Amino acid sequence: MTSARRPTLPVLHALSRQFGCEIRQLIDFADREAMPPGELAAAASTQRDTSPPVSQGEPIPTPLALEGTALVRTVADESAAWAAWAEGSNVGSLALEQLLADIRSLASAYLVEDPVAVFIRTRQLRDRVFRVLEGHQHPKQSVELYVAAGYLCALLAWMSSDFGHLREAETNGRTAWLCAELAGHNELRAWVLSTRSKIAFWDNRIKDAINHARLGASYQTPGSVAVLLACQEADAWSLLGAAAETQEALRSAVGARVSAAGVDEISGVFSCPPIRHANYASSAYLRAGDLSAALRTGEEAIHTLRSHSHGTTAQTHIALALTYLRLGQLDGAAEALDPVLAIPPAHRLAPVTRRMRDLAGELGSRALRSGVGADLQLRIQTWCADSAALSPETGST
């Protein structure tokens with residue numbers, strides 16, 4: 001912002017006290033060119049005023065004795081100078097628009113690309129947003145930046161839990177929640193709570209997982225987050241063996257799917273398409289002992305629904321394989337697991353590896369003597385042994 005009015009020495013003195021700096025730090029080359037030599041010399045020699053602030057009610061001292069018209073004009077100059085600062089911003093509307101586009105790209109890339117590489121890029125973008133937030137921008141822009149920071153921290157939390165680092169995931173989740181609260185953004189609140197429910201589930205804090213899911217569902221949000229929250233609640237109840245609560249949560253997920261309106265703000269990880277819904281449902285049916293529903297849901301998901309991510313597709317195949325196993329169909333179980341066993345190590349995330357170990361354990365407990373059963377157990381055990389924890393520090397497994 002430019003102005004035809006040159007800042008006066010009294011205004012510069014007042015601003016130096018306000019911002020705790022020296023006058024020479026407030027003027028640029030154009031200001032120096034326009035200032036009379038006397039004022040310029042005074043400005044150059046004046047150090048930052050470190051005297052304590054005046055008490056409320058005392059007259060504010062000015063560097064020069066002012067009265068009448070000069071005093072009124074100086075006060076107006078001070079207000080204009082502050083307004084120029086308040087109107088300034090270190091971020092523009094195009095930058096905010098690009099930032100949201102970059103977050104969408106990361107959330108989608110994580111579904112199919114090298115997870116460690118996406119984690120590193122997400123961290124870099126989060127750091128950029130944090131630095132901008134430490135500067136000055138309009139209040140509405142600050143809200144948008146907090147929303148961006150919240151989604152990025154939630155994404156880092158989701159990925160950290162997939163890497164098996166649950167404590168670090170929860171730390172990022174808490175920071176994401178703070179950002180959502182500061183922004184007053186309900187859709188972000190819901191997705192953060194979905195993320196924290198996931199973390200709690202894999203950390204065996206099942207009641208926390210249920211509470212996070214229920215709180216997230218209490219927000220009126222567009223898109224598919226309500227579907228995922230209900231699925232997560234069903235998943236947690238089924239692990240506790242609460243059949244009635246599991247069925248109720250599954251019905252809520254179907255109802256949320258029917259009534260869903262609008263689109264997901266970010267999508268990618270922060271979306272719940274039909275195959276992700278089916279993955280949760282088949283696992284819940286399986287734990288509840290409803291093998292026919294688990295088989296129907298799993299087969300439909302694999303054969304008719306569009307894939308969502310490596311992790312979702314893998315877990316759907318694992319649930320279907322476990323269903324075939326409990327039905328005594330070893331050939332079907334082996335066939336269902338073939339795509340999972342072909343996953344390269346870089347994409348073997350902790351939830352998938354954990355479920356494969358559970359499946360290997362069930363195979364062992366059934367004391368299967370057939371060649372198919374023994375071969376399948378050995379293949380799973382070898383796959384798990386080759387699936388070391390992901391290491392974001394080195395970018396390797």
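Excluded from the calculations below are hydrogen atoms, water molecules and symmetry mates; all remaining heavy atoms, backbone and side chain alike, are included. This structure is a prediction, so every number in the text was calculated from the model and none was measured. For reference, positions follow the sequence shown, starting with 1.
Looking at heavy atoms from C-beta onward, Glu233 lies out of side-chain contact with Tyr280 at the 4.5 angstrom threshold. Counting heavy atoms from C-beta on, the side chains of Ser283 and Arg355 come closer than 4.5 Å. At a threshold of 4.5 Å between non-hydrogen side-chain atoms, the residues Val352 and His347 do not count as touching. Side-chain contact between Pro222 and Val263 is absent, with no heavy atoms from C-beta onward closer than 4.5 Å.
Remark: the Tyr324 side chain and the Glu335 side chain contain no N/O donor-acceptor pair separated by less than 3.5 Å. No side-chain N or O of Thr221 forms a donor-acceptor pair with one of Asn186 less than 3.5 Å apart. For the residue pair Ser160/Glu168, the side-chain donor-acceptor check at 3.5 Å is not satisfied.
Panel note: side chain Ser224, backbone Cys272; a donor-acceptor pair is recorded below 3.5 Å. Remark: the backbone N or O of Ser194 is not paired with any side-chain donor or acceptor of Ser197 at under 3.5 angstrom.
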Task: Verdict with supporting geometry, Thr313 and His308, side-chain contact (heavy atoms from CB on, under 4.5 Å) - done: CA-CA 7 Å; Thr313 302; His308 178 245; 5.6 Å; no
TODO: Could you please spell out the steps behind the salt bridge (charged side-chain N to carboxylate O under 4.0 Å, His left out) verdict for Lys198 and Asp235?
DONE: CA-CA 10 Å; Lys198 171 189 186 289; Asp235 208 25; over 6 Å; no
- [ ] Would you sort out whether Glu144 and Leu100 count as a side-chain contact (heavy atoms from CB on, under 4.5 Å), showing the intermediate values?
- [x] CA-CA 9 Å; Glu144 292 183 63; Leu100 198 61; over 6 Å; no
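Just one of Leu337, Asp331, Leu325 meets the side-chain contact (heavy atoms from CB on, under 4.5 Å) condition when paired with Leu376; it is Leu337. Put simply, the residue from Ile266, Val225, Leu229 that forms a side-chain contact (heavy atoms from CB on, under 4.5 Å) with Trp191 is Val225.
In this structure, Arg251 pairs ionically with Glu248, as a charged nitrogen and a carboxylate oxygen lie closer than 4.0 Å. Ion pairing of Arg379 with Asp338 is present here, as a side-chain N (NZ or NE/NH1/NH2) and a carboxylate O approach within less than 4.0 Å. Salt-bridge formation is detected for the pair Arg189/Glu181: a Lys NZ or Arg NE/NH1/NH2 atom is positioned less than 4.0 Å from an Asp or Glu carboxylate oxygen.
Under a hydrophobic-cluster definition in which Ile, Leu, Val, Met, Phe, Trp and Tyr are linked whenever side-chain heavy atoms come within less than 4.5 Å, directly or via other members, Leu295 and Tyr285 are assigned to different clusters.
Between Trp158 and Phe270, the ring-plane angle classifies as perpendicular under the 30° and 60° cut-offs.
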